[in-house]
Amino acid sequence: MIQDRRVLKPTFIPSDVVHRDHETRQLSRALKPLMDGGVPETAFLYGSSGAGKTCIAKFTVNRLQENVLDINHQYVNCWKDHSRFKTLYRVLEGIDRAVDIHRQSTPTDELLARLEEYEGPPYIVILDEADQLADTSVLYDLYRVRGVTLILIANREQDLFSQVGSRIASRLRTRTRIHFDQYSDDELASILSDRAQWGLGKDAATSSQLERIARVAEGDARVAIGILRMAAQQASDRGIQSVTDTMIQKAVPEAEAEIHQKNIQQLTEDQHLLYEILSEHDELASGELYDRYAKRASDPKTKRMVRNYLQKMTHYNLVIPDGESRGRTYRLTSAESVSS
DNA sequence: TATCCACAGGAATACGTGGGAT
DNA sequence: ATCCCACGTATTCCTGTGGATA
């Protein structure tokens, strides 16, 4: 029953997007000066995850490139390439100027100098998860390079600007800001319907099934499509043409567990231990958590380091912190209790 | 209410590592 | 073989915050 697997992958960009006309127009307008040699505005897309930010950014740039003009573009995920060096490297890669750069033999400033020499067609750089940059000075670097247009993507506006120096923050703040609301259940259902039709065939799922998936996904398109993919996989494994309600029910925790499991595999030994301790309790105060950790670990790290671990695990959606300073407690995400 | 203390998270710093350069 | 550069990891130091206590 699966006709085109790519359509259900998280990275897939549809040839036509729905329910984001306003946002797409805003972004197009910001980039429009490129069409007659002008200087476009820096665009800043923000909103919760799965709201279509990355999709719209890529879609708009692709369309601009196909229909209109000679431009270069590059997509950089700052969660993966979060250092100044790596980000600049990726940016150079997008214009084929990175071939002879072998890791650290070249100082970072050399990369920037090379970028400043660039005199090709306009260059659009999409910085996804820009709030994850360890060193936000790259924003300043890139902002100053002639011919480079930035599209910044982050979950929350203040997460990005809290770290950026005030100098560049004030400059960037004035640029085009585009907010992405969560998808409504209806919008999600119609997105799913399109994907199901292209990727799975007409009768793969009923509209009420898609609505059900949309509801549990809570506005997150990535989650919704993931659930559909898992359900379709089950149907395909059994050689039947359409998904059943039972498959959807099973796919919901499986889609969550898949992400969850991937994240757990990334953990180090110490982080695993923290996870294990937390799994034995409903919730733990930070002091008690550390005491238990220090008792069990063969070579316990400092409290500060453990705070870094917990922060990272929080970002991976494995741990939920409760409370601000004193009296904070930690607990695990409820993923495994759901899957039972 | 003033003081104290546990805690979060930023900044500076130290250390070990990998791989190209010499 | 040795040096160098940037990186990831970890520690130390520090400031700000909010709940607990005298």
Side-chain angles (χ1 to χ4, degrees), chain A residues 76-93 96-116 127 129-142 154-169 262-278 281-333:
Chain A
V76 183
N77 186 326
C78 300
W79 173 247
K80 282 183 187 154
D81 299 307
H82 49 83
S83 71
R84 186 167 173 242
F85 183 90
K86 280 190 180 167
T87 306
L88 286 175
Y89 184 88
R90 286 266 173 261
V91 172
L92 280 172
E93 213 173 38
D96 296 324
R97 301 291 180 91
V99 274
D100 57 329
I101 294 177
H102 303 292
R103 244 183 130 251
Q104 290 89 359
S105 57
T106 7
T108 307
D109 287 339
E110 164 75 22
L111 303 200
L112 187 58
R114 198 183 287 220
L115 191 59
E116 277 163 350
L127 292 183
E129 311 208 40
D131 53 329
Q132 291 305 315
L133 282 171
D135 183 359
T136 47
S137 61
V138 267
L139 295 181
Y140 190 66
D141 294 338
L142 291 172
N155 282 19
R156 292 188 309 163
E157 195 170 14
Q158 66 265 34
D159 286 346
L160 181 58
F161 289 114
S162 61
Q163 305 170 41
V164 178
S166 55
R167 217 178 17 182
I168 180 145
K262 257 185 210 160
N263 289 338
I264 288 180
Q265 281 167 9
Q266 309 277 326
L267 299 181
T268 65
E269 196 184 327
D270 289 290
Q271 290 161 0
H272 251 123
L273 182 52
L274 288 167
Y275 187 86
E276 207 177 294
I277 293 169
L278 282 170
H281 302 80
D282 289 339
E283 61 174 358
L284 276 177
S286 15
E288 197 178 346
L289 173 59
Y290 184 79
D291 289 344
R292 288 175 190 272
Y293 158 80
K295 216 172 279 178
R296 282 209 234 165
S298 53
D299 178 20
K301 304 294 188 290
T302 58
K303 289 185 180 178
R304 183 67 187 89
M305 202 56 214
V306 167
R307 281 198 295 261
N308 282 345
Y309 291 157
L310 288 167
Q311 204 171 39
K312 190 162 199 170
M313 292 163 77
T314 303
H315 194 94
Y316 279 138
N317 254 319
L318 296 170
V319 169
I320 301 172
D322 253 323
E324 277 313 307
S325 69
R326 196 189 168 100
R328 174 182 281 194
T329 61
Y330 293 94
R331 64 194 161 89
L332 292 187
T333 325

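Each chain gets a letter, A, B and so on, in the order the sequences are listed, and its residues count up from 1. All heavy atoms count here, side chains included; hydrogens, waters and symmetry mates do not.
One donor-acceptor pair, N or O on each side, does fall under 3.5 Å between the base of B:dC5 and the side chain of A:Arg326.
Side-chain atoms of A:His315 do not come within 3.5 Å of backbone N or O of A:Gln311 as any donor-acceptor pair.
Of the listed residues (A:Leu274, A:Leu278, A:Leu284), just one forms a side chain to side chain contact (heavy atoms under 4.5 Å, CB included) with A:Tyr330, and that residue is A:Leu278.
Legend: salt bridge (charged side-chain N to carboxylate O under 4.0 Å, His left out) pairs involving residues 283-293 of chain A, not counting sequence neighbours, sorted by first then second residue: A:Glu288-A:Arg292. Here salt bridge (charged side-chain N to carboxylate O under 4.0 Å, His left out) pairs that include residues 300-315 of chain A, with residues two or more places apart or in two chains, are A:Asp270-A:Lys301.
Here B:dG9 presents its P atom at 7 Å from CD of A:Glu324, a figure rounded to the nearest Å. Protein atom CG of A:Asp270 is 9 Å distant from nucleotide atom P of C:dT11, rounded to whole Å. With rounding to whole Å, A:Leu267 atom CG is found 16 Å from C:dT9 atom C1'. Separating the CD atom of A:Glu288 from the P atom of B:dA6 is a distance of 15 Å, rounded to the nearest angstrom. With rounding to whole Å, A:Tyr89 atom OH is found 13 Å from B:dG19 atom C1'. The distance between atom CZ of A:Arg307 and atom P of C:dT11, rounded to the nearest whole Å, is 12 Å. The NZ-C1' distance, from A:Lys312 to C:dG8, rounds to 9 Å in whole Å.
The shortest distance between the side-chain N/O atoms of A:Lys86 and the OP1/OP2 oxygens of C:dG8 is below 4.0 Å. The side chain of A:Tyr309 places an N or O atom within less than 4.0 Å of a non-bridging phosphate oxygen (OP1 or OP2) of C:dA10.
Nearest heavy atom pair, residue A:Cys78 against residue A:Glu129, reads CB-O, 3.3 Å.
Note that CE of A:Met313 and OG1 of A:Thr333 are 9.0 Å apart. Values are rounded to the nearest 0.5 Å.
Across all strands shown, A:Tyr290 has no heavy atoms under 4.0 Å from either base or sugar-phosphate atoms. In this structure, A:Arg328 reaches the sugar-phosphate backbone alone: every heavy-atom distance under 4.0 Å involves primed, P, OP1 or OP2 atoms, never a base.
Closest to the side chain of A:Phe85, from the set B:dC7, C:dC7, C:dT11, is C:dC7. Picking from C:dA20, B:dG9, C:dG16 the nucleotide with the shortest atom distance to the side chain of A:Ser325 gives C:dG16.
Taking 4.0 Å as the cut-off between side-chain N and carboxylate O, A:Asp282 and A:Arg331 do not count as a salt-bridged pair.
For DNA chain C, the neighbouring residues in residues 295-305 of chain A, judged by any heavy atom under 4.0 Å, are A:Lys301, A:Thr302, A:Arg304, A:Met305.
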